[in-house]
Structure formats: C-alpha cells, structure tokens
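The next block holds one structure in the form of structure tokens; read it before the comments.
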Amino acid sequence: LPDLLPGLILLQDGQHTRMLQPLFIELCLTVPARLTTLLQYLHLLTRPVIAALKSTNAELVTLGLRTLEFWVDNLNPEYLYPVLEPVVPELLPTICSHLRPPPYPHGPAALRVLGKMGGRNRLFLYKPMTLEYRDLTEPAPRVLLTLDPALMVVLPLDKPIH
C-alpha cells in the first residue's frame, strides 16, 4: 500500500491518454483496504476524489460522492477537515456543481454530503462563488383567478419573484 497509492496517483496525474485517466482514478478510490489503514494516505486520496467529481463519467462521479460521504460518516471532523482544508477551495465548488434538480442523478447525493458536513462546509467558503445569470426566456409564472365563470383575472408573478 505505501507504494501502490502514490504510484497510482502519479499515473493518474501523468500525461496518459484520456481513456486511461478514469481507470487510474477508479483504482485509487477502490483500493481494498480498511479505512484505518488508509488514514495516513487520506491526503493523497483527496485529489482522485476531486478528479472523480469533475469527471463526465457518471460512475466516477458516484464513486467520488460515495467515497467522500463515507469519509464524512466515519471520520471525526477534527481529523477530516484539516486533511480536506488544502483542497476545499476546489472541492466545495465541485460538489456544488452537482446540486441540480431531478432527473440529474447526483444532486441528492451531493446535497447529502454537504448536509452531513453540517455547516462546517461554510467555514471553507473563502470567496463567493460565481453564478451564471440568465434572463427569463419563458413567460413569467402567473396566477389565474376565476371569480365567476365570466370574470377571470391574471396576476403575473415576475415582479414579486425578482
């Protein structure tokens, strides 16, 4: 294990074809070892977790979220957060990028991980996230009131929403 993980991480970061990089990320995150054995290598595994979360491969994203959730569930926050602190400026926006409504498959898992971090995740938000602004291209929501069959009133809700 002392030689395996650093070697896999070097291979993952190397200049290999794009087809092999997901394989090395998956191998890093599925090393068959107990969590107590992996504790001393946890700082090395943060980069493969981030790479998995940034991947376009749905299985790798799921693996990254499951790995991170496993760490949050089973490790003491006083141990875990100092290990995560160097990568948090990259980790949190990456997790937040998966906060999307259904049918997106990773939204609930990303929300669950952030929820399990329990507010401590906000301690690491050093700079505001850049959000994309889009004008409404669809008609604004409105309420249709029917006072009697001959009288209907339409109330637009675009101004109260803004």
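Model, not experiment: these values are computed from the prediction. Computation of the quantities below employed the complete heavy-atom set of this structure, encompassing side-chain atoms and omitting hydrogens, waters and symmetry-equivalent molecules.
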**Prompt:** For the atom pair CG (N76) and OH (Y81), what is the distance rounded to the nearest 0.5 Å?
**Reply:** 10.0 Å
**Message:** In this structure, would V143 and V154 fall into the same cluster of hydrophobic residues linked by side-chain contacts under 4.5 Å?
**Reply:** no
**Asked** Can you check side chain to side chain contact (heavy atoms under 4.5 Å, CB included) on M117 and E69, steps first, answer last?
**Response** CA-CA 9 Å; M117 290 176 84; E69 185 174 12; over 6 Å; no
**Request:** Identify the heavy atoms of L60 and P22 that sit nearest to each other, and give their distance.
**Result:** CD1-CB, 3.5 Å
**Item:** Gap separating the NE2 atom of H106 from the CG atom of L111, nearest 0.5 angstrom
**Value:** 14.5 Å
**Side-chain heavy-atom pair V72, L80 within 4.5 angstrom cut-off** = yes
**side chain to side chain contact (heavy atoms under 4.5 Å, CB included) against R66, all qualifying residues, sequence neighbours excluded** = T62
**Request:** Rounded to the nearest 0.5 Å, what's the gap from NZ on K54 to CG on L91? Could you check?
**Result:** 9.5 Å
**Request:** State the OH-CG distance between Y79 and L84, to the nearest 0.5 angstrom.
**Result:** 10.0 Å
**Request:** Quick one: closest heavy-atom pair of P82 and P86, and the distance?
**Result:** O-CD, 3.5 Å
**Request:** Determine the interplanar angle of the Y104 and H98 rings, folded into 0 to 90°, and report it as parallel if under 30°, tilted if 30 to 60°, perpendicular if over 60°.
**Result:** parallel
**Request:** Output, in order, the C-alpha distance, side-chain angles, deciding distance and verdict of side chain to side chain contact (heavy atoms under 4.5 Å, CB included) for L99 and L114.
**Result:** CA-CA 10 Å; L99 293 175; L114 289 173; 3.6 Å; yes
**Prompt:** Are any of the side-chain heavy atoms of L75 and L35 separated by less than 4.5 Å?
**Reply:** yes
**Fill in**
For L65 and A109, the nearest pair of non-hydrogen atoms, with its separation, is CD1-CB, 3.9 Å
**Prompt:** What's the spacing between I50 CD1 and S55 OG if we round to 0.5 Å?
**Reply:** 13.5 Å
**Prompt:** In the single-linkage hydrophobic clustering (I, L, V, M, F, W, Y; side-chain heavy atoms under 4.5 Å), do L145 and L151 co-cluster?
**Reply:** yes
**Request:** Check the pair L53, S97 against side chain to side chain contact (heavy atoms under 4.5 Å, CB included), reporting the backbone distance first and the verdict last.
**Result:** CA-CA 9 Å; L53 292 174; S97 72; over 6 Å; no
**Request:** Decide if the gap between the ring center of H43 and the ring center of Y41 is smaller than 6.0 angstrom.
**Result:** no
**Message:** Checking L45 against W71 for the side chain to side chain contact (heavy atoms under 4.5 Å, CB included) test, could you report, in this order, the C-alpha distance in whole Å, the side-chain angles of both residues, the deciding distance, and whether it holds?
**Reply:** CA-CA 11 Å; L45 291 173; W71 292 350; 3.8 Å; yes
**Item:** Side-chain donor or acceptor of T37 paired with backbone N/O of A33 under 3.5 Å
**Value:** no
**Message:** Could you work out, with side-chain hydrogen bond (donor to acceptor under 3.5 Å, both in side chains) as the rule, every residue matching E59, not counting sequence neighbours?
**Reply:** none
**Heavy-atom side-chain proximity of M152 to L144 below 4.5 angstrom** = yes
**Asked** How many angstroms lie between CZ in R112 and CG in L68, if you round to the nearest 0.5 Å?
**Response** 11.5 Å
